Amino acid sequence: MSKLFSPIKLAGLELANRVMIAPMCQYSAEDGCMTDWHMTHLGMLANSGAAMLVVEATHVERHGRITHGCAGLYSDANEAAMERVIRHCRRIGTAKMGIQIAHAGRKASAQRPWEGGGPLKADDPWQTIAPSAIPFGEGWHIPRAMTLDDIVRVRDAFVESAKRAMRIGFDLIELHYAHGYLAHSFLSPVSNKRTDQYGGSLENRMRFGLEIARAVRPVVPKGIPLGARITGSDWRDDGLTADDAVTYSKALKQEGLDFVDISSGGITADTRNPAGLGYNVPIAERVKREAGIVTRVVGLIVTPEQAEAVIAEGKADMVALARAMLNNPRWGWHAAAELAAEVPRANQYLRVGPKMWAPAASRARA
Ligand SMILES: Cc1cc2nc3c(=O)[nH]c(=O)nc-3n(C[C@H](O)[C@H](O)[C@H](O)COP(=O)(O)O)c2cc1C
């Protein structure tokens, strides 16, 4: 019996299996509004066999977007455009739909990856904000250190976006607290040099993220899972470690969050993540064990056997895959066939049974 394809209940949400599709920016929105690209992209992934599809980092204010092409939930137009896409995915797909809400902080005002991925120059750049006026890397915009009013405004923007997400009818909300974006840059001592109640000790650096969690929780009904993607490591001697991830996860649990997703890296332009398969798994294992919160893990989880082992060995409760799903949008079907399990399939596709995808093992036996 596959553990990867066993169901899990998250708050009031029943998920058919433990395979999630990680949020992936598409840089294809217009002033934050999703477009036809998203209809096709998300529509395709909604029929992957994964129990949950998490929509890309969706920004809570216009200047909180990474690029001009990033999705937002800061206007009625954004909400209407996203509602159209999500309604479509629900009608045609089998996955439950989640959303990641985010603020890019000092990594905002950037070019789309295929335009270079660096800071915007001529093309309508904007003033970025951060805990401290320290740029993300050489040549990047110098952010303005946030005032206490800015902190309140951004917190309230998270709440407003969460309300919009609830109106759209999402099944799950994930706060983006990783990858060097605003909340992560408050938590990390590398980017936060404040001397007020939001800087200095870990307790102070956690405050921004915890206050957002506390403000968002009441607008997300109890049955709907609310979680956060956090940093397992900054991969630098002067940065966050797995110990910090454990402490932060405990504190987020206390705020009523239902799960954490363990990712890592991205705090400065010159840090690199390890390249090994499942590089965040040992950190997730510690968080799951020591913080006692439902734990999802992401990062170079590629093969069905690898994903199965993570769950079967109790190292995480769920896995999230990003690039492997872009590479093979039926990853869930194929993995289920390999592991002799079932996945939900759209009626139109029922004739493609598991036997169509001869598992490697049975091929070898034949
Ligand atoms: C095209 C692309 C867009 C991404 N956008 C986001 C995003 O919106 N939010 C986020 O937290 N991570 C984002 N990521 C990171 C992935 O969610 C994931 O954490 C990372 O790719 C590692 O997982 P993988 O090895 O399965 O790809 C993105 C990755 C890719 C490849």
Side-chain angles (χ1 to χ4, degrees), residues 4 18-29 32 34 37-38 40-42 44-45 48 50 52-60 64-67 69-73 82 97-105 107-108 110-115 117 161 165 170 172-185 187 209 227-233 235 245 259-267 271-281 283-284 295-304 306-307 310 316 318-329 331-332 335:
L4 182 66
R18 282 114 188 291
V19 182
M20 319 281 139
I21 301 182
M24 279 182 278
C25 290
Q26 296 297 294
Y27 315 100
S28 301
M34 287 193 157
W37 174 262
H38 297 91
T40 302
H41 164 71
L42 292 170
M44 171 182 74
L45 292 177
S48 65
M52 164 65 61
L53 166 54
V54 184
V55 165
E56 69 190 78
T58 298
H59 298 93
V60 302
R65 292 175 304 159
I66 310 167
T67 73
C70 284
L73 261 184
M82 190 173 270
M97 300 299 297
I99 183 172
Q100 185 185 56
I101 55 176
H103 192 298
K107 291 176 76 173
Q111 300 159 328
R112 294 171 180 85
W114 56 84
E115 293 164 344
S161 294
F170 279 101
L172 169 148
I173 296 190
E174 167 176 323
L175 305 167
H176 197 354
Y177 284 2
H179 301 172
Y181 298 112
L182 188 60
H184 178 192
S185 70
L187 190 69
R229 170 169 271 199
I230 68 164
T231 299
S233 174
W235 306 117
F259 70 96
V260 290
D261 175 289
I262 303 301
S263 188
S264 62
I267 194 62
T271 47
R272 295 283 166 269
N273 287 2
L277 289 181
Y279 55 90
N280 291 316
V281 171
I283 307 169
T295 304
R296 191 170 82 195
V297 65
V298 69
L300 278 177
I301 294 168
V302 179
T303 69
Q306 182 201 3
V310 170
M318 303 175 284
V319 292
L321 286 74
R323 288 163 294 178
M325 286 288 181
L326 287 188
N327 186 42
N328 173 10
W331 191 96

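Numbering of ligands and ligand atoms starts at 1, following listing order. Just so it is clear, the structure is predicted and the values come from calculations on it, not from any experiment.
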Just do the side chain to side chain contact (heavy atoms under 4.5 Å, CB included) check on Phe259 and Leu172 with the steps written out, would you? CA-CA 10 Å; Phe259 70 96; Leu172 169 148; 3.8 Å; yes
Evaluate His179 against Ser263 for side chain to side chain donor-acceptor pair (under 3.5 Å), listing each step before the verdict. CA-CA 8 Å; His179 301 172; Ser263 188; 2.6 Å; yes
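Between Met24, Arg229, Met325, it is Arg229 that holds the heavy atom closest to atom 12 (N) of ligand 1. Here the shortest heavy-atom distance to atom 14 (N) of ligand 1, taken over Ala22, Cys70, Pro23, belongs to Pro23.
Distances shorter than 4.0 angstrom occur between a heavy atom of Gly299 and an atom of ligand 1.
On a distance-only criterion, His176 and ligand 1 share at least one N/O pair closer than 3.5 Å. Considering backbone and side-chain N/O of Arg323, one or more are found under 3.5 Å from N/O of ligand 1. Considering backbone and side-chain N/O atoms, Gln26 never comes within less than 3.5 Å of an N/O atom of ligand 1. By the 3.5 Å distance cut-off applied to N or O atoms, Ile301 is not counted among the residues near ligand 1.
In terms of protein heavy-atom proximity, atom 5 (N) of ligand 1 is nearest to Cys25 N, 2.8 Å. When only non-hydrogen protein atoms are considered, atom 20 (C) of ligand 1 lies nearest to Ala322 CB, 4.1 Å. Looking at atom 9 (N) of ligand 1, its nearest protein heavy atom turns out to be Gln100 OE1, 2.8 Å.
Here the shortest heavy-atom pairing between Ala275 and Leu300 reads O-CD1, 3.2 Å. Shown here for Ala178 and Thr231, the closest heavy-atom pair between the two residues is CA-OG1, 3.6 Å.
The aromatic rings of Trp37 and His41 sit parallel to each other, their planes meeting at less than 30°, with 60° as the upper class boundary.
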